[in-house]
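To start, the structure itself, in structure tokens.
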Amino acid sequence: METKLLYEPLDRVEADAVAVVLFEEGPAPAELNFAASWLEELRSSGEFAGKPGELAVLHHPQTLKARRLAVVGGGKRDKFDAAALRKAVGTAVRALKQKGVKKLAWKLDGLVNKTLAAEAAVEGALLGNYEPDMHKTSSDAKSLEAFYAVAAPNGAEVERSFERGRIFAECQNFSRDLANEPANLMTPMLLADRARSMAAEAGLECEVLDQDRMRQLGMGSLLGVAQGSAEPPALIIVRYKPANAPKSSDHLGLVGKGVTFDSGGISIKPAEGMEKMKYDMCGGAAVLGAMRALAQLKPSIPVTALVPAVENMVSSRAQRPGDIVTSLSGKTIEVLNTDAEGRLILIDAIAYAQRLGCTHLVDAATLTGAIVVALGNVNTGAFTNDEALLGRVMAAAKDEGEKMWHMPLDDEYKELLKSAFADVANIGGRWGGAISAAWFLKEWADDTPWVHLDIAGTAWLDDAKPFMAKGPTGVCVRTFAKLALGW
Ligand code: BES
Ligand code: ZN
Ligand code: ZN
């Protein structure tokens with residue numbers, strides 16, 4: 001999709017539709033004076049009250065060059081922020097493209113903070129336009145071909161914001177493409193291939209540790225999960241290095257769970273809903289999407305992404321409940337449940353990230369069903385051993401409209417992971433499951449400032465939203481990219 005900032009009066013913009021946000025309180029901007037009676041009628045009939053999600057279309061608007069005028073509800077003016085704008089654009093794009101609109105212009109002026117507005121608008125458009133239909137040989141989903149943000153000329157900052165939004169959203173859609181692939185087309189090796197070609201295109205370094213290398217290194221925890229599958233595992237490493245010597249010694253590590261299919265292993269999952277477990281690599285997809293954005297936006301801090309990629313399967317070679325494995329750090333683990341595999345692969349990646357010199361770690365993982373019980377599909381669960389790092393992550397998430405909730409990690413929860421036969425057990429019993437999972441990771445993060453994001457509830461939409469298709473959301477791509485850019 002073409003995206004462009006236009007600096008021209010609204011009435012001169014050529015497009016299939018021009019969209020303008022109207023608030024509950026009114027009034028409409030002066031450019032819409034010609035349509036005053038139509039707007040009046042919309043309000044008095046109750047057809048359009050300016051509420052979020054509302055949309056009305058006027059054909060052949062007098063005085064406009066565009067063929068249609070769309071008014072889009074913004075809700076209450078003082079509640080309208082960048083996140084609301086992103087959703088409003090996405091909602092309008094999804095509705096208008098189905099009506100055959102190919103070129104949409106959006107009046108940006110007068111909406112929220114100028115630098116955030118341009119970013120949010122173009123993100124809303126690109127994210128809303130995305131359809132996970134790459135494997136349909138014919139699809140009824142139509143698509144927008146061009147999105148123009150119409151602004152008063154106000155310089156470099158708006159240009160930069162718009163460009164950042166375009167890159168963020170394209171990389172988020174790249175991540176959604178990875179996550180949407182079924183497990184037969186996205187094995188650990190295929191994910192590694194995708195990472196390699198992304199890195200080559202973007203100008204990043206990529207290295208893939210194979211099974212032999214991981215055996216030499218002693219990644220027994222990761223390999224234990226992989227051993228039940230005919231598909232060999234991979235530890236994917238992508239590196240971004242700033243061109244100029246960085247001012248500090250900080251080195252950000254982004255770790256993403258890359259389970260290309262989670263059957264549960266011998267502790268097998270119920271059949272119902274198991275097909276969704278192709279999305280158990282969304283954390284990995286998110287960090288790869290973020291790296292793609294960073295290659296273009298060039299933050300001043302070095303960033304290394306690590307994606308432990310495995311398939312968790314059932315076979316005669318599969319790991320058994322009760323097996324004891326030795327992780328890269330030397331700590332031993334009693335595997336009481338083979339379905340708690342995410343943590344087992346993440347901790348070997350975390351230990352390796354520390355060896356690579358990462359000073360700060362952030363991981364994203366579809367780690368537990370328990371976080372979905374706690375937070376539903378609205379907030380990502382955020383856990384940390386370092387409040388300062390969490391503050392940075394939360395600030396980036398807020399800018400990007402990605403909701404996160406700080407979850408507790410008190411020492412008392414550590415007890416849950418006690419094992420009679422090894423250093424720790426890989427599960428902590430029935431209650432507080434998202435917390436015991438996070439505690440497991442914390443054991444390995446140790447003194448390294450670390451944030452864990454449990455995205456099991458936010459990485460996938462079971463039902464489409466007005467502003468986003470059903471399926472993978474690409475959550476965390478923008479937050480990770482913003483975190484590194486703002487470092
Ligand atoms: N991939 C799942 C977590 C998950 C569940 C993601 C639902 C998305 C939706 C993870 O590997 C898992 O199976 N976790 C278990 C842990 C349990 C065995 C301690 C869970 O949450 O049930
Ligand atoms: Zn599992
Ligand atoms: Zn899993």
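Start at 1 and go down the list; that is how both ligands and their atoms are numbered. The residues of the chain are indexed from 1 along the displayed sequence.
Between His360 and Trp487, the two ring planes are perpendicular [angle over 60°; tilted spans 30° to 60°].
In summary, Glu341 and Lys257 engage in a salt bridge, as defined by a charged side-chain N under 4.0 Å from a carboxylate O.
Atom NZ of Lys465 has 12 or fewer heavy atoms from other residues, nucleotides or ligands within 6.0 Å. Within a 6.0 Å radius of NZ in Lys482, more than 12 heavy atoms belonging to other residues, nucleotides or ligands are found. With a 6.0 Å radius and a threshold of 12 heavy atoms from other residues, nucleotides or ligands, Asp447 has its CG atom at or below the threshold. Sparse packing is recorded around CD of Glu272, with 12 or fewer heavy atoms of other residues, nucleotides or ligands lying under 6.0 Å away. With a 6.0 Å radius and a threshold of 12 heavy atoms from other residues, nucleotides or ligands, Lys403 has its NZ atom at or below the threshold.
Of the heavy atoms in Arg343, only side-chain atoms (C-beta onward) come closer than 4.0 Å to ligand 1. Neither the backbone nor the side chain of Lys276 comes within 4.0 Å of ligand 1, counting heavy atoms alone. Here Val259 has no heavy atoms under 4.0 Å from ligand 1, in either its backbone or its side chain. Contact annotation: for Arg430 versus ligand 1, there are no heavy atoms closer than 4.0 Å. Contacts with ligand 1 closer than 4.0 Å are made by side-chain heavy atoms of Tyr279 only, the backbone lying farther away.
For ligand 1, the atoms closer than 4.0 angstrom to any heavy atom of Lys269 are 2 (C), 12 (C), 13 (O). Within ligand 1, the atoms closer than 4.0 Å to a non-hydrogen atom of Lys257 are 1 (N), 10 (C), 11 (O), numbered from 1 in the order shown. Of all atoms in ligand 1, listed by their number and element, those nearer than 4.0 Å to a heavy atom of Glu341 are 11 (O). Within ligand 1, counting atoms from 1 as listed, the ones closer than 4.0 Å to a heavy atom of Ala456 are 6 (C), 8 (C). Taking a cut-off of under 4.0 Å to the non-hydrogen atoms of Thr366, the atoms of ligand 1 that pass are 1 (N), 2 (C), 3 (C), 6 (C).
Where the criterion is an N or O separation shorter than 3.5 Å, residue side chain and backbone included, Asn337 fails it with respect to ligand 1. Ligand 1 has a nitrogen or oxygen under 3.5 angstrom from a nitrogen or oxygen of Asp280.
Remark: of the listed residues Leu361, Thr448, Val451, Val451 is the sole one forming a side-chain contact (heavy atoms from CB on, under 4.5 Å) with Leu389. None of Ile347, Ile350, Asn385, Leu417 except one satisfies the side-chain contact (heavy atoms from CB on, under 4.5 Å) rule with Lys442; the exception is Asn385.
When hydrogens are left out, the protein atom nearest atom 19 (C) of ligand 1 is Ile427 CG2, 3.4 Å; that is the closest non-hydrogen contact. Regarding atom 2 (C) of ligand 1, its nearest protein heavy-atom neighbour is Asp262 OD2, 3.5 Å. Nearest protein heavy-atom neighbour of atom 7 (C) of ligand 1: Met277 CE, 3.8 Å. The protein heavy atom nearest to atom 12 (C) of ligand 1 is Asp339 O, 3.2 Å. Among all protein heavy atoms, the one lying closest to atom 22 (O) of ligand 1 is Gly369 N, 4.5 Å. Among all non-hydrogen protein atoms, the one lying nearest atom 10 (C) of ligand 1 is Leu367 O, 3.3 Å.
You'll find the side chain of Arg292 reaches within 4.5 Å of the side chain of Gln296, heavy atoms only. Taking the side chain as every heavy atom from C-beta outward, Arg194 and Leu288 never approach each other to under 4.5 Å.
Within the sub-2.8 Å shell of the Zn ion (ligand 3), the protein contributes these N/O/S atoms: Lys257 NZ, Asp262 OD2, Asp280 OD2, Glu341 OE2.
Partners of Leu375 according to the side-chain contact (heavy atoms from CB on, under 4.5 Å) rule, which considers only residues two or more places apart in sequence or in another chain, are Ile371, Asn379, Trp405, Met407.
Here the two rings, on Tyr413 and Trp439, have centers that are 6.0 Å apart or farther.
In terms of modelled atom types and a separation under 3.5 Å, the side chain of Glu119 and the main chain of Ser161 share no donor-acceptor contact.
Defined by atom type and a distance below 3.5 Å, a donor-acceptor pair is present between the side-chain atoms of Asp423 and Thr332.
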